[in-house]
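What follows is a set of notes on a single structure, which appears directly below.
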Number of protein chains: 2
Amino acid sequence: MVHGPRWRRRPSERPSEILQAALEVFAEQGLARARVEDIAKRAGVSKGTVYLYFTGKEDLFREALRDRVARTLEGLSAAASQGDPAERLERFIDAYWLQLRRPSFGAMYVLLLAELPQFPELSRFYAEEVSGKVVQLSAAIIREGSESGQFREIDPLVASRMMVSLLVQHAIWTSRPELFPHLGTRDSADIVTEIKQFTLSALVCASGRAA
Amino acid sequence: MVHGPRWRRRPSERPSEILQAALEVFAEQGLARARVEDIAKRAGVSKGTVYLYFTGKEDLFREALRDRVARTLEGLSAAASQGDPAERLERFIDAYWLQLRRPSFGAMYVLLLAELPQFPELSRFYAEEVSGKVVQLSAAIIREGSESGQFREIDPLVASRMMVSLLVQHAIWTSRPELFPHLGTRDSADIVTEIKQFTLSALVCASGRAA
DNA sequence: CAGAAGTTACTGACCGGTCATTCATTAATC
DNA sequence: GATTAATGAATGACCGGTCAGTAACTTCTG
């Protein structure tokens, strides 16, 4: 058998290759069960190499999650920038749903919920830079629609939370069909349409019940 | 110092004491990180005793979760049984929210999402007996409201999923305030009121946009 | 009723396997 | 041949699970 070199030196690409592999393994196994050796194997390197670029398993976890979390907001502000409020809201929903249905989202969200208490710094980052921002962005659209009279009067932050709830929860359900059979065989496009219709019904409806 | 007996024989109470302690520790630490010794300590027994009543850590996990999960549906069908659809829906929301805001819910839900893939049997139990049932129950109320003309025409299963999304997601957020600052200092009662109003707005509104 | 004999709930030191981390060595590259 | 990237065998901490021993409780006997 003819072999190429047993390995190649690629110092600049290694870190991101390892992070990618790490996110996958952490997503499948969780922090405690994931084995550094498996992450290394998936990244095509040996266990020792991981320790050249990261100080340990926890560091690797932190970086992998930060890397993925930081992308959640990609494209959201752009989507929200053109047209009348209802259109913009629909585009916002589409853009957010695009992020949420990425296969890694469900896993990442579970990792966030399950492991983040151990990483206070990363928790703060997530709360400030991600979780809060999504609600703020959509709230801005809703506020405008409210002021222009296109949407009924409603606290924009409340409405925004409701809409985000619908999207996130449906994304989680979609990511675990074996636990949540009530979605049946609906595809992603149907779901997002249902969410849009429900949200807009709640927003354009004049009625409103007095408290 | 005077000591009582070093321990007492209480064979009949042991199992449930251990399950209770187990649920708490699993909720805090996850399956892999939780130590049997810590569960034992919290239950006030030694490690060996745990193995008298359960065959191992996984068995303990399975039983603790099944025990808790089985209670999720408590009181839901009763709540849904009197009055016109809007009232019944509000009572259903109140009853479900009562379950969801129990401190153990957030933790249990995360355990479900994170660890259940390893327990196919328990997954099936959850999917069939819990997850599906909640949606069915509320869908029945909505269907009736739709048929009586009190709610607009809408697929009851879709509307039901939307409503459950709102409740479950807000419960998760509530259970991790450090990750989700957008709820501010709102209390539980405000949140459930907001959810009711939003849901009913979406349901009673005549408008509807053509697809 | 004493207290001996028997039963079993319970304990905790120990064993064995797993896996994060280290580091002496080797291979590629300059 | 000097430098640095990469390897993988070796190390040791940790923890699930075991089991010989002990203490609480029960029953039997005179």
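In what follows, chains carry the letters A, B, and so on, assigned in the order in which the sequence lines appear, proteins first and then strands, with residues in each chain numbered from 1.
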Checklist entry - Do any side-chain nitrogens or oxygens of B/Arg33 fall under 4.0 Å of OP1 or OP2 in D/dC15? => result no
Checklist entry - Does a nitrogen or oxygen in the side chain of B/Tyr53 sit under 4.0 Å from OP1 or OP2 of C/dC10? => result yes
Item to check | Residue-phosphate contact under 4.0 Å: B/Thr49 side-chain N/O, C/dT11 OP1/OP2 | outcome: yes
Checklist entry - Hey, does the side chain of A/Gln99 reach the backbone of A/Glu74 with a donor-acceptor pair shorter than 3.5 angstrom? => result yes
Checklist entry - Starting at CD of B/Glu58 and ending at C1' of D/dC15, how long is that distance when rounded to a whole Å? => result 15 Å
Item to check | Separation of atom CD1 in A/Ile18 from atom P in D/dA5, rounded to whole Å | outcome: 12 Å
Item to check | Between C1' of D/dG8 and CG of A/Leu52, the distance in whole Å | outcome: 13 Å
Checklist entry - CG of B/Asp38 versus P of D/dC15: gap in Å, rounded? => result 8 Å
Next on the checklist: Looking at the base of C/dT11, is there any donor atom on it, or on the side chain of B/Lys47, that sits under 3.5 Å from an acceptor on the other one?
Outcome noted: no
Checklist entry - Whole Å only: how far is the CD atom of A/Glu37 from the P atom of D/dA10? => result 14 Å
Checklist entry - Tell me, do B/Glu37 and B/Val50 make a side-chain contact under 4.5 Å, heavy atoms counted? => result no
Checklist entry - Within a reach of under 6.0 Å around CD of B/Glu13, are more than 12 heavy atoms found that belong to other residues, nucleotides or ligands? => result yes
Next on the checklist: Between A/Trp173 and A/His182, is the ring centroid distance below 6.0 Å?
Outcome noted: yes
Checklist outcome for this item: From CG of B/Asp59 across to C1' of D/dG17 the rounded distance in Å is 13 Å
Next on the checklist: Using a 4.0 Å heavy-atom cut-off, does B/Ala40 contact any base of the nucleic acid, only the sugar-phosphate backbone, or nothing at all?
Outcome noted: nothing
Checklist entry - Just how far, in rounded Å, is C1' of C/dC10 from OH of B/Tyr51? => result 15 Å
Next on the checklist: Tell me the interatomic distance from B/Arg35, atom CZ, to C/dG12, atom P, rounded to whole angstroms.
Outcome noted: 15 Å
